[in-house]
Chemist: 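Quick one: structure below, then a few questions.
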Amino acid sequence: MKVARSVRPGATTGRNGISGLKEVRASDQVPAGADIVLHLLALPQIRAGTGVGRLFEFVGEGIAALSIDERSTLTNMAAELGGFTGIVAPDSETVRIMNERRGETFVIEDWMRSDEGATYAVEIRVDVATLSPMLARPRGPGIGLALPALTEPVDVHIAYGGSCTAGKRDDFDCYHEVLSWAAQRGLRVAEGVQLFLQFGTIDVRRYCEEKGYLEAFTAVGAELLQPACGACANCGLGSSETADQVVISAINRNFPGRSGPGQVWLASPYTVAASAIAARITGFDDLKCNA
């Protein structure tokens, strides 16, 4: 990948005067956008401030394999990386989504991508094929670790999926994949755990209704919330109320007090939903193995 630098006029970069961060490795199993960002946040150079004030560009076969929703998670969380913003060059998937969701005929033009041979401040290469589900420990999104590296059991009281980062169509596809699997086996949200799923927009709720997702959500005991920033801004259900509560959340940041006084762990939608069923932080694969 490549982390952008400030660019002087006339520098060899894209015509829009920016360079960025490149994801250059393809994968048959592309991880969630949140897992990619949490991995980057745990890297020493990012923790040292390499990304501060930069513009991040995500490109390559691995990124091309991501849906538009997952790409938006990457660009959304460029702020957590310290950047001003994040971009992904448009492609055929962008054209399809613009037509499907907005009814617009979108034409890709040369200026919409960085120039061949553009220079970057730093290049960070990530083999997404080797990435496992990621977590961020309480007190900051940069305190990351791979889920398999979590050796101690962590019980959870609240699981939250929603906000701009995790309330999109693809996110609800993930929640449904886990929770429908659980419902088919008679499993429910664990006793003593609350699971809140908050739609990012009315369109996302309508999408879930049309796909028949709501039945599985209610069958396992998830509480569905109308669109809002919600627990990400400590506004309503999904936030902790006491310092001893543990929250597993798919929001984009977990600084102290951000989502209540409790201990907030960050994870992907898959991990949030699986943890709600297991009553402890766990991945979907582990949940299936241990059910």
Side-chain angles (χ1 to χ4, degrees), residues 1-3 20-48 50-51 54 56-83 86-89 91 93 120 122-138 140-152 154 161 165-166 168 170-171 173-175 177-178 248-254 265-275 278 281-289:
M1 295 186 177
K2 293 185 178 179
V3 180
L21 184 152
K22 284 192 174 182
E23 210 311 314
V24 295
R25 178 80 177 192
S27 170
D28 291 333
Q29 278 191 309
V30 180
D35 290 322
I36 294 174
V37 176
L38 291 175
H39 170 78
L40 290 172
L41 281 162
L43 297 178
Q45 59 265 58
I46 295 295
R47 289 176 58 84
T50 297
R54 307 298 188 185
F56 286 73
E57 181 184 13
F58 301 85
V59 304
E61 294 180 12
I63 297 303
L66 293 176
S67 68
I68 294 297
D69 280 356
E70 292 292 354
R71 296 179 201 179
S72 72
T73 298
L74 295 179
T75 56
N76 179 304
M77 294 188 71
E80 277 61 55
L81 296 167
I87 59 173
V88 177
D91 58 12
E93 179 64 5
Y120 297 82
V122 179
E123 179 175 342
I124 305 172
R125 294 179 179 267
V126 176
D127 183 352
V128 298
T130 66
L131 294 186
S132 62
M134 292 290 298
L135 301 168
R137 291 183 180 273
I143 312 175
L145 77 162
L147 181 58
L150 183 68
T151 56
E152 74 277 14
V154 178
T165 306
K168 305 181 295 299
D170 276 20
D171 301 316
D173 289 342
C174 296
Y175 302 135
E177 184 175 345
V178 177
I248 181 77
S249 181
I251 62 177
N252 52 1
R253 57 199 65 150
N254 61 338
W265 291 71
L266 299 184
S268 72
Y270 278 120
T271 301
V272 166
S275 298
I281 294 179
T282 191
F284 187 26
D285 287 344
D286 288 337
L287 179 68
K288 289 186 287 188
C289 288

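Values below: all heavy atoms of this structure, side chains included; hydrogens, waters and symmetry mates excluded. Counting from 1, the numbers follow the sequence of the chain as shown. No experiment lies behind these values; they were computed from the predicted model shown.
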Chemist: Within the side chain of Thr271, is there an N or O that forms a donor-acceptor pair under 3.5 Å with the backbone of Ala267?
Modeler: no
Chemist: Are any side-chain N or O atoms of Asp35 and backbone N or O atoms of Ser132, one a donor and one an acceptor, separated by less than 3.5 Å?
Modeler: no
Chemist: Is it true that Arg71 and Asp91 make a salt bridge, defined as a side-chain N closer than 4.0 Å to a carboxylate O?
Modeler: yes
Chemist: Strictly distance-based, threshold 3.5 Å: is any side-chain N or O of Gln45 a donor or acceptor partner for the main-chain N or O of Thr50?
Modeler: no
Chemist: Check this for me, if you would: do Glu80 and Arg47 make a salt bridge, where the nitrogen-to-carboxylate-oxygen distance has to be below 4.0 angstrom?
Modeler: no
Chemist: For Ser275 and Ile248, which heavy atoms make the closest approach, and how far apart are they?
Modeler: CB-CG2, 4.0 Å
Chemist: Could you report the tightest heavy-atom contact between Trp265 and Arg137, atom names first, then the distance?
Modeler: CH2-NH1, 3.3 Å
Chemist: Is there a side-chain contact between Glu177 and Asp173, using heavy atoms and a 4.5 Å cut-off?
Modeler: no
Chemist: Under 3.5 Å, side chain of Asp69 to main-chain N/O of Asp170, donor-acceptor pair present?
Modeler: yes
Chemist: I'd like to check Ile36 versus Leu74 (side-chain heavy atoms, cut-off strictly below 4.5 Å). Are they in contact?
Modeler: yes
Chemist: Any idea which heavy atoms bring Gly161 and Tyr175 closest together, and the distance?
Modeler: CA-OH, 3.0 Å
Chemist: Quick one: do Val88 and Ile63 satisfy side-chain contact (heavy atoms from CB on, under 4.5 Å)? Show the steps, please.
Modeler: CA-CA 8 Å; Val88 177; Ile63 297 303; 3.9 Å; yes
Chemist: Which value, rounded to the nearest 0.5 Å, describes the distance between Asp127 atom CG and His39 atom NE2?
Modeler: 9.0 Å
Chemist: For the side chain of Arg253 and the backbone of Pro141, is there at least one donor-acceptor N/O pair under 3.5 Å apart?
Modeler: no
Chemist: Is the backbone of Met77 close enough, under 3.5 Å, to the side chain of Asn252 for a donor and an acceptor to pair up by distance?
Modeler: no
Chemist: Where do Ala32 and Ser268 come nearest, in terms of heavy atoms and distance?
Modeler: CB-CB, 4.1 Å
Chemist: For the OG1 atom of Thr282 and the CG atom of Leu147, what is their distance to the nearest 0.5 Å?
Modeler: 6.5 Å
Chemist: Main chain of Ala34, side chain of Thr73: is a donor-acceptor contact present, judged purely on distance under 3.5 Å?
Modeler: no
Chemist: Please enumerate all residues that pass salt bridge (Lys or Arg N to Asp or Glu O under 4.0 Å) together with Glu93, with sequence neighbours excluded.
Modeler: Arg96
Chemist: Is any side-chain heavy atom of Leu266 closer than 4.5 Å to one of Ile251?
Modeler: yes
Chemist: If the condition is side-chain contact (heavy atoms from CB on, under 4.5 Å), which residues does Ala89 pass it with, not counting sequence neighbours?
Modeler: Arg113
Chemist: Compare every heavy atom of Ile87 with every heavy atom of Thr75, then report the nearest pair and how far apart it is.
Modeler: CG2-N, 3.8 Å
Chemist: Taking all non-hydrogen atoms of both residues, which atom of Thr165 and which atom of Asp171 are closest, and how far apart?
Modeler: O-OD2, 3.3 Å
